[in-house]
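One structure below.
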Amino acid sequence: MTDVSTVTRAARPDAAAMPAFPPHVVALVSEGGAAAAASALGGVPTFPVHDPATGDVLAFVADQGPADALRALDRAVAAADEWAATPPRVRGELLRRAFDLLVERRDSFALLMSLEMGKPLAEARGEVAYGGEFLRWFSEEAVRVQGRYGPVPEGTGTMIVTHRPVGPSYLVTPWNFPLAMATRKIAPALAAGCTVVVKPAELTPLTTIAFVELLREVGVPDGVVTVVTTTDAAGVTGPLLADPRLRKLSFTGSTAVGRVLIAQAAENVLRTSMELGGNAPFVVMADADLDAAVDGAMLAKFRNGGQACTAANRLLVHERVADEFTRRLAERVETMVVGPGTADGTTLGPLIDDRAVATCERLVADAVARGARVVTGGSAPGGPGSFFAPTVLADVPRDADLMHQEIFGPVAAVTTFRDEDDAVRLANDTPYGLVAYLFTTDLACGRRMLGRLRTGMLGVNTGLVSNAAAPFGGVGHSGLGREGGSEGIHEYLDTTYALQPDG
């Protein structure tokens with residue numbers, strides 16, 4: 001077991017432009033594939049990381065198993081007491097140094113994300129900025145964890161309320177935002193004084209490995225953050241959740257997997273933070289500024305290729321303005337440039353893999369079979385890579401599969417509603433409740449909808465709600481707990497109350 005997951009790199013663009021990987025665990029392999037990678041790493045199993053724009057192998061990563069995961073937990077446990085006792089100011093300043101170094105290396109991290117996940121470089125740079133903000137925010141929150149001290153109401157004594165770290169934590173991150181989802185979990189955990197084991201998605205482990213190396217460079221002690229990379233997520237996760245030394249689980253991913261993990265975590269009564277699936281409604285009222293609504297839809301639907309839990313899944317548009325909104329949206333979509341994320345001018349990169357393309361094809365075919373109309377796009381272009389054309393569907397019936405399932409792709413599905421009550425019924429017709437979007441020029445409508453829409457977050461006349469200073473999370477099948485904001489650090493803190501009687 002090494003400090004971070006072992007990586008070998010196959011042929012790829014300009015190694016000098018990439019983030020630093022730990023030299024004692026990296027072997028560069030120009031030819032020979034997995035066999036050469038395994039040999040270079042002393043015979044350990046490996047798995048490939050692919051560029052979704054070409055299908056080419058970018059790197060081979062150590063395929064770790066349950067024993068490796070438990071050794072990672074050993075390291076977290078061994079470092080836990082000393083890290084918890086580290087002054088909050090010191091923990092905060094380490095996070096601030098990590099922020100500064102990440103900003104300095106933003107171009108190399110953006111390139112790495114664009115290669116392993118596919119997003120356009122401009123969006124990847126945006127993710128570096130967003131992900132960095134969690135480091136800066138929680139560097140400041142580390143010194144602001146406050147308790148209470150005062151008399152009990154009866155006047156017979158004094159109550160003291162304090163907070164302390166939960167303990168060793170297991171953080172499971174998704175592939176779609178490989179840097180921001182890591183910083184959004186690691187930063188509050190470290191600020192609170194917790195040590196962590198991080199398991200990135202097997203599709204995009206390289207960014208996490210590089211980020212953990214950055215933390216090592218700025219002085220985060222050994223054992224405080226350890227990465228486990230694997231193709232056997234269940235096999236690695238089960239033993240960790242069963243180990244009584246682990247005290248916290250934070251997971252971002254599908255609701256189906258989240259349910260399983262919640263059940264497993266219940267055995268040891270773990271603290272859990274679960275950021276799960278979404279089915280976001282994007283509601284456009286009759287009085288909406290349509291230019292602003294189209295701008296918001298382009299951001300909420302097509303950012304990251306639609307591969308986000310916050311992506312607008314259902315575009316619900318008042319019947320009086322639906323035709324005009326759809327026309328304007330399709331015109332904007334047809335200007336998008338599809339290509340590799342690293343290519344100049346690309347505004348829509350590939351999907352993460354061919355399975356994601358197949359899902360988009362199936363959902364579009366189902367909607368069309370039920371009466372939807374393809375305004376633009378609707379299919380996968382030929383050639384290499386996991387691409388799907390940016391798509392606008394009109395007249396989507398309410399029983400179409402994509403109205404009830406996350407699309408996770410660049411497919412905008414427009415459905416009409418009659419009035420506010422109909423919009424609320426349609427928007428709330430889902431067990432999910434992560435985020436909703438509302439476009440209206442009527443402030444009173446905005447206030448009413450804030451109370452009527454069942455959602456953890458609401459964007460009013462904006463297609464982007466995420467902010468490091470705000471509590472990110474949902475209700476219902478979209479999860480438990482919050483990430484970001486002052487709430488985020490408390491997910492990694494236990495509360496202790498003491499009573500000191502008078503006299």
Side-chain angles (χ1 to χ4, degrees), residues 4-5 7 9 12 17-22 47-53 57-62 64 98-99 101-103 105-135 170-187 189 196-215 225-231 233 250-254 257 275 303-311 340-342 349-353 356 386 408 466 468 472 483-484:
V4 299
S5 301
V7 178
R9 296 180 196 148
R12 53 165 177 71
M18 305 297 284
F21 289 100
F47 65 90
V49 178
H50 295 273
D51 179 348
V57 174
L58 294 170
F60 291 96
V61 179
Q64 298 175 320
F99 167 77
L101 189 55
L102 181 64
V103 170
R105 297 179 180 173
R106 58 185 175 273
D107 288 340
S108 61
F109 271 88
L111 175 60
L112 178 57
M113 278 191 288
S114 188
L115 286 169
E116 74 168 340
M117 187 268 156
K119 65 185 66 187
L121 276 172
E123 291 189 14
R125 293 187 188 101
E127 181 174 343
V128 175
Y130 173 56
E133 283 304 308
F134 289 103
L135 299 171
Y170 181 44
L171 316 179
V172 182
T173 60
W175 52 260
N176 54 343
F177 291 94
L179 177 67
M181 298 303 95
T183 60
R184 197 163 77 182
K185 296 179 188 298
I186 293 172
V196 302
V197 176
V198 185
K199 190 201 78 62
E202 67 178 274
L203 293 169
T204 58
L206 303 178
T207 300
T208 301
I209 296 168
F211 174 64
V212 171
E213 171 64 5
L214 183 149
L215 292 177
V225 183
T226 305
V227 182
V228 174
T229 55
T230 186
T231 59
S250 178
F251 170 78
T252 296
S254 72
V257 174
E275 198 265 283
R303 183 175 69 101
N304 214 45
Q307 300 172 112
C309 55
T310 55
T342 54
L351 299 186
I352 189 63
D353 58 21
S386 300
F408 246 64
S466 300
F472 186 103
E483 296 182 315

Gap between atom CE of M113 and atom CG of L179 - 0.5 Å precision: 5.0 Å

Nearest 0.5 Å please: distance from the OG1 atom of T207 over to the CG atom of L214. 12.0 Å

Would you indicate whether the side-chain heavy atoms of M117 and N304 approach each other to under 4.5 Å? yes

In Å, rounded to the nearest 0.5 Å, how long is the span from OG1 of T208 to CG of L112? 9.5 Å

Flag the pair D107 / R125 as yes when at least one side-chain heavy-atom distance between them is below 4.5 Å, and no otherwise. yes

Report yes if some heavy atom in the side chain of D51 is under 4.5 Å from a heavy atom in the side chain of T342; otherwise report no. no

Within-4.5 Å side-chain heavy-atom neighbours: T204 and T173: no

Stepwise side chain to side chain contact (heavy atoms under 4.5 Å, CB included) check, V172 with V257: CA-CA 11 Å; V172 182; V257 174; over 6 Å; no

Can you sort out the partners of E116 under salt bridge (Lys or Arg N to Asp or Glu O under 4.0 Å), two or more places apart, ordered by chain and number? none

Sequence neighbours excluded, which residues qualify as salt bridge (Lys or Arg N to Asp or Glu O under 4.0 Å) partners of K199? none

With sequence neighbours left out, what residues match F408 under ring-ring contact (aromatic ring centres under 6.0 Å, His included)? W175

Do F109 and E127 touch side chain to side chain, with heavy atoms closer than 4.5 Å? no

Using modelled atom types only, decide if a donor and an acceptor are shared between the side chain of S114 and the backbone of P120 within a distance under 3.5 Å. no

So, taking the atom named CE in M181 and the one named CG in N176, what distance separates them when rounded to the nearest 0.5 Å? 7.0 Å

Between P52 and L115, the two heavy atoms sitting closest are CD-O, 3.4 Å

Would you say the side-chain atoms of T183 pair up with the backbone N or O of G132, donor to acceptor, closer than 3.5 Å? no

Side chains of I186 and F211, heavy atoms from C-beta outward: is any pair under 4.5 Å? yes

Do Y130 and R184 make a side-chain contact, defined as non-hydrogen atoms from C-beta onward lying under 4.5 Å apart? yes

Answer yes or no: is there an ion pair linking K185 with E483, defined by an N-O contact shorter than 4.0 Å? yes

So H50 and D353, do their side chains get closer than 4.5 Å, heavy atoms only? no

